[in-house]
Amino acid sequence: MLLELRRNVRERVDLSLFDDLRVVYAARMQSKRETFHATLVGHSVPTFCSSGGRAILSCLEDAEVADIIARSDRTPFTPKTLTDPGAIRDKVAEAREKGYALTLEEILIGEIAIGIALPDSSGRPCGAIHLAGSLSEWEPEEFMARFAPLISEAAADICR
């Protein structure tokens, strides 16, 4: 499924595993723009500010979300990284409504990313699919409209 998604979107596709305060990349398929270092498996990013991490948080109870945010090192990666707990909770609530999370330049300047949680057999999120592109090529609304259905379909196929 991930290879097919990568072929269809021609952007970076990642599969990450939920590890409390971080999401750990288990598979990374680079886009047409990236160099090797951006694709290293095992690299991790904070749950609170990554698209997949926020998608995972959107599937958890509010108390667990608040606990993860409170225990996180919210040092910003970029000037656009959200660090305020209330603002992060707002983005988690938005992801609950949409079924996916969108981040803009929170980990890397110029990057837009969409993430969707992957539940385990009990329905608890165990990981996420992330799809990342460049803001030099995509407007956020266009990116969401083009890729939200594709990433949702891929997640549903993986969970079957």
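Residues: numbered from 1 along the sequence shown. Given the structure is predicted, the values throughout are model-derived calculations rather than measurements.
- With sequence neighbours left out, Arg89 forms a side-chain hydrogen bond (donor to acceptor under 3.5 Å, both in side chains) with no residue at all.
- We find that Glu64 and Arg124 are joined by a salt bridge, their nearest charged nitrogen and carboxylate oxygen being less than 4.0 Å apart.
- Between Thr103 and Cys49 there is no side-chain heavy-atom pair separated by less than 4.5 Å.
- To the nearest 0.5 angstrom, Lys91 atom NZ is 12.5 Å from Asp84 atom CG.
- Between Ile112 and Pro140 the shortest side-chain heavy-atom distance falls below 4.5 Å.
- Under the 4.5 Å side-chain criterion, counting only non-hydrogen atoms from C-beta, Thr78 is not in contact with Glu111.
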Original post:
Checking side-chain contact (heavy atoms from CB on, under 4.5 Å) for the pair His43/Asp14: CA distance, chi angles, key distance, verdict?
Top reply: CA-CA 11 Å; His43 177 70; Asp14 304 322; over 6 Å; no

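- Formation of a donor-acceptor pair under 3.5 Å by the Arg74 side chain with backbone atoms of Leu82 is not found in this model.
- No side-chain heavy atom of Phe48 sits less than 4.5 Å from a side-chain heavy atom of Ile68.
- For the atom pair OG (Ser72) and CG (Asp67), the distance works out to 9.0 Å, reported to the nearest 0.5 Å.
- With a 4.5 Å cut-off on side-chain heavy atoms, Ser58 and Lys98 do not count as touching.
- Residues Glu105 and Gly110 approach most closely at OE2-N, 2.8 Å, considering heavy atoms.
- Screening Cys59, Ser16, Cys159 against Leu118 for a side chain to side chain contact (heavy atoms under 4.5 Å, CB included) leaves a single residue, Cys159.
- Residues forming a side-chain hydrogen bond (donor to acceptor under 3.5 Å, both in side chains) with Asp90 (at least two apart in sequence, or on another chain): none.
- Remark: Lys80 NZ to Ile109 CD1 distance equals 7.0 Å, nearest 0.5 Å.
- Closest approach of Arg71 to Leu21, counting heavy atoms only: O-CD1, 3.5 Å.
- A donor-acceptor pair under 3.5 Å links the side-chain atoms of His130 to the main chain of Gly52, judged by distance alone.
- The minimum heavy-atom distance between Ala101 and Arg54, with the atom names listed, is CB-CB, 3.7 Å.
- For Thr83, the side-chain hydrogen bond (donor to acceptor under 3.5 Å, both in side chains) criterion is met by no residue, not counting sequence neighbours.
- Between Tyr100 and Leu131 there is no side-chain heavy-atom pair separated by less than 4.5 Å.
- Nearest heavy atoms, Ile151 versus Gly115: CD1-CA, 4.3 Å.
- The hydrophobic clustering, which links ILVMFWY residues whose side-chain heavy atoms are closer than 4.5 Å, places Val24 and Leu57 apart.
- Hydrophobic clustering of Ile, Leu, Val, Met, Phe, Trp and Tyr side chains at less than 4.5 Å, counting indirect connections, unites Tyr25 with Phe77.
- The residues Arg146 and Glu11 are annotated as not salt-bridged, no charged nitrogen and carboxylate oxygen being separated by less than 4.0 angstrom.
- At a threshold of 4.5 Å between non-hydrogen side-chain atoms, the residues Leu104 and Phe143 do not count as touching.
- With values rounded to the nearest 0.5 angstrom, Ile129 atom CD1 is found 11.0 Å from Leu150 atom CG.
- Cluster membership check: Val23 does not share its hydrophobic cluster with Leu17, using side-chain heavy-atom separations under 4.5 Å among Ile, Leu, Val, Met, Phe, Trp and Tyr.
- Cluster annotation: Ile114 and Leu135 are assigned to the same hydrophobic cluster (Ile/Leu/Val/Met/Phe/Trp/Tyr, side-chain heavy-atom contacts under 4.5 Å, transitive).
- Between Arg22 and Thr47, the closest heavy-atom pair is N-OG1, 3.0 Å.
- The minimum heavy-atom distance linking Ile116 with Ala155 is given by the pair CG2-CB, 3.7 Å.
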